[in-house]
Amino acid sequence: MLSSKNLINGEWYKSKENDELKSYNPVNGELVSESPSSTISDLKNAIDSARDAFNKDDWKENHTLRCKVLYQLSDLTKKYINEIAKTLTLENGKTLSDSMMEVKISADLYEYYAGMARNVYGRTVTHNSKSLSLLIREPLGVAGVITPWNAPIILLARSLAPALAAGNTVVIKPASLTSGVTYEFIKLFNLIPDLPKGVINLVSGSGSKLGTELAKNSGIDIITFTGSTEVGKEIVRNSAENLTRLSLELGGKSPNIILKDADFETAIKGAITGACLSTAGQICYTGTRILVEKSVYKKFMNKIKTIIPKMLVGDGMKSDTNIPPVISSGQLETVMDYIEYGKNNAKLLLGGNQMLEGEYKKGNFIEPTVFYDVPVESKISQEEIFGPVLSVFEFETEDQAIDIANNTVYGLAAAVWTNNINKAISLARKVNAGTVWVNNYGKNYSAAESAGFKQSGIGTLRGLEGLNEFTQLKNVIIETE
Ligand code: NAP
Ligand code: MG
């Protein structure tokens, strides 16, 4: 069992409170980790420590140091990939190969932003022969990083890497359900002696208590939050008093659009990949709404009826498992409520049950479930389910596909499958989503930005804009003579 601690001003502490947050293996309910259930006073100490470290200059003014620390972190992430991935699967449930991929991509983000740490640049503007503006990019100060449980290592990296590269110091509040693996990862900083004390702080504890305080605290200069739209809105309300800068990466209900001229076998694979079943559908960009053009609709339904039932539901640690359990009994209940709703408001093609036989009864296992004839206005078409549940829609015209695709409050991601480049571009432009994949699903690169449209978020991560998100521009206006 993992016993984690808080990191404040370079020292590891248990909270003064004796309460512990506990996380359990979603496969069998065994205890995986205990983490401090910290107090507001622990959090305030961490914010003070981050502020002191920021004021000391040796971090924010030293880009070669930041570059070196981030390269070392990337190397350590690769070196300890097996240990971190194993804890991630034990705590979150996702398949071990998915966990390995998550840690590997995180290492790439640290490596990419190690390079960017030496490229924090503004620009100059010449107004006339006697006046000039120097537009300088400065770090914001202390960043509060709040992560979700569904991909806790990569989503930490996506915020932490640019925040550090730009010269900020940070206070991290991990998701309660994955505090253990976050601690395991943050321990890597012990192996980087060059890191000044207080640049990185970790405080575990409840989101409603610590998250609320982070959003309200005037010592925080930016909140970088990945999580649900509901909590994102709560953070907007709580941060309003100080007008704290926000970067919010929120929920999704992404459409995966298959046209009749797509390569059919590739598109089927894409629909399955997009369903993110190797995480039991618990990914923000999961392609939960599959839109299929009428002339290939029946063929599509027959095909997934044969493929999905052959996928093995089980323990993510086992190499032959395709679909792991959902993370917690609470998540299981939420997903089963949506499934019950779906049974009463749409037609069920596959699945629809919790799995309770034999070993399955110890864990949070749900059959992969597919609905069709789903009303576009219904709850299962509109709301994020975050489980192994798909809805398939039939469309006749591209306008109809776009109407269905854009008919939610979300705008995180979408995909289009077609061999016609004109249709691909036309649909990609009409769909309201921050990321659109053409003939692939779910690929992301450290160097290219992603952002949520509509209620899927505010702000941009990855790439150069992801770095700029953690800076503010200062205009120094110089007049000569
Ligand atoms: P969540 O319930 O919104 O929680 C996210 C984080 O916020 C956790 O650390 C949580 O702490 C904390 N929190 C809870 N209440 C808070 C409050 N009032 N103020 C501040 N922080 C608070 O999300 P989740 O269930 O962990 O993750 C799933 C959600 O994340 C889905 O909606 C998914 O779409 C979204 N997501 C989005 C992206 C993206 O890139 N757009 C990526 C991944 C996930 P506790 O754990 O202690 O509750
Ligand atoms: Mg939640």
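Being a predicted model, the structure only gives us computed values, none of them experimental. Start at 1 and go down the list; that is how both ligands and their atoms are numbered. By convention here, the first residue in the shown sequence is residue 1.
Side-chain contact check for Tyr338 and Glu383: at least one donor-acceptor pair (N or O, by modelled atom type) lies under 3.5 Å. Defined by atom type and a distance below 3.5 Å, a donor-acceptor pair is missing between the side-chain atoms of Lys94 and Gln282. A donor and an acceptor atom, one from each side chain of Glu213 and Asn238, are nowhere located under 3.5 Å apart. With no hydrogens or angles considered, no side-chain donor-acceptor pair links Thr288 and Thr286 at under 3.5 Å.
For ligand 1, the atoms closer than 4.0 angstrom to any heavy atom of Arg158 are 39 (C), 40 (O). Each of the atoms 41 (N) of ligand 1 lies under 4.0 Å from some heavy atom of Leu412. Which parts of ligand 1 touch Asn150 is read off a 4.0 Å heavy-atom cut-off, strictly below it: atoms 43 (C), 44 (C). Within ligand 1, the atoms closer than 4.0 Å to a non-hydrogen atom of Pro174 are 9 (O), numbered from 1 in the order shown. Those atoms of ligand 1 that come under 4.0 Å of a heavy atom in Gly211, given as number and element, are 19 (N), 20 (C), 21 (N). With ligand atoms numbered from 1 in the order given, ligand 1 contributes 42 (C), 43 (C) to contacts under 4.0 Å with heavy atoms of Leu155. Atoms of ligand 1 lying under 4.0 Å from at least one heavy atom of Glu234, given by number and element, are 18 (N). The Ala175 neighbourhood of ligand 1 comprises atoms 8 (C), 9 (O), 46 (O), with distances under 4.0 Å to a heavy atom of that residue.
Under 4.0 Å from ligand 1, the heavy atoms of Ser206 that appear belong solely to its backbone. Using a 4.0 Å cut-off between heavy atoms, Thr212 contacts ligand 1 through both its backbone and its side chain. When heavy-atom distances to ligand 1 are checked against a 4.0 Å cut-off, Glu384 comes that close only through its side chain, counted from C-beta outward. By the criterion of a heavy-atom distance under 4.0 Å, the side chain of Phe386, and not its backbone, is placed next to ligand 1. At a 4.0 Å heavy-atom cut-off, ligand 1 does not touch Lys209 at all.
Residue nearest to atom 29 (C) of ligand 1, selected from Ser228, Ala151, Ser176: Ser228 (by heavy-atom distance). The option with the heavy atom closest to atom 9 (O) of ligand 1, from among Thr334, Leu21, Thr147, is Thr147.
Taking the six-membered ring for Trp and thresholds of 30 and 60 degrees, Tyr441 and Trp437 have ring planes inclined between 30 and 60 degrees apart.
By the 4.0 Å N-to-carboxylate-O rule, Lys197 lies close enough to Glu11 to be salt-bridged with it. Remark: Lys22 engages Glu34 in a salt bridge, criterion side-chain N to carboxylate O under 4.0 Å.
Put simply, the side chain of Tyr445 does not reach to within 4.5 Å of the side chain of Asp108, judged on heavy atoms. Between Leu70 and Leu164 there is a side-chain heavy-atom pair separated by less than 4.5 Å.
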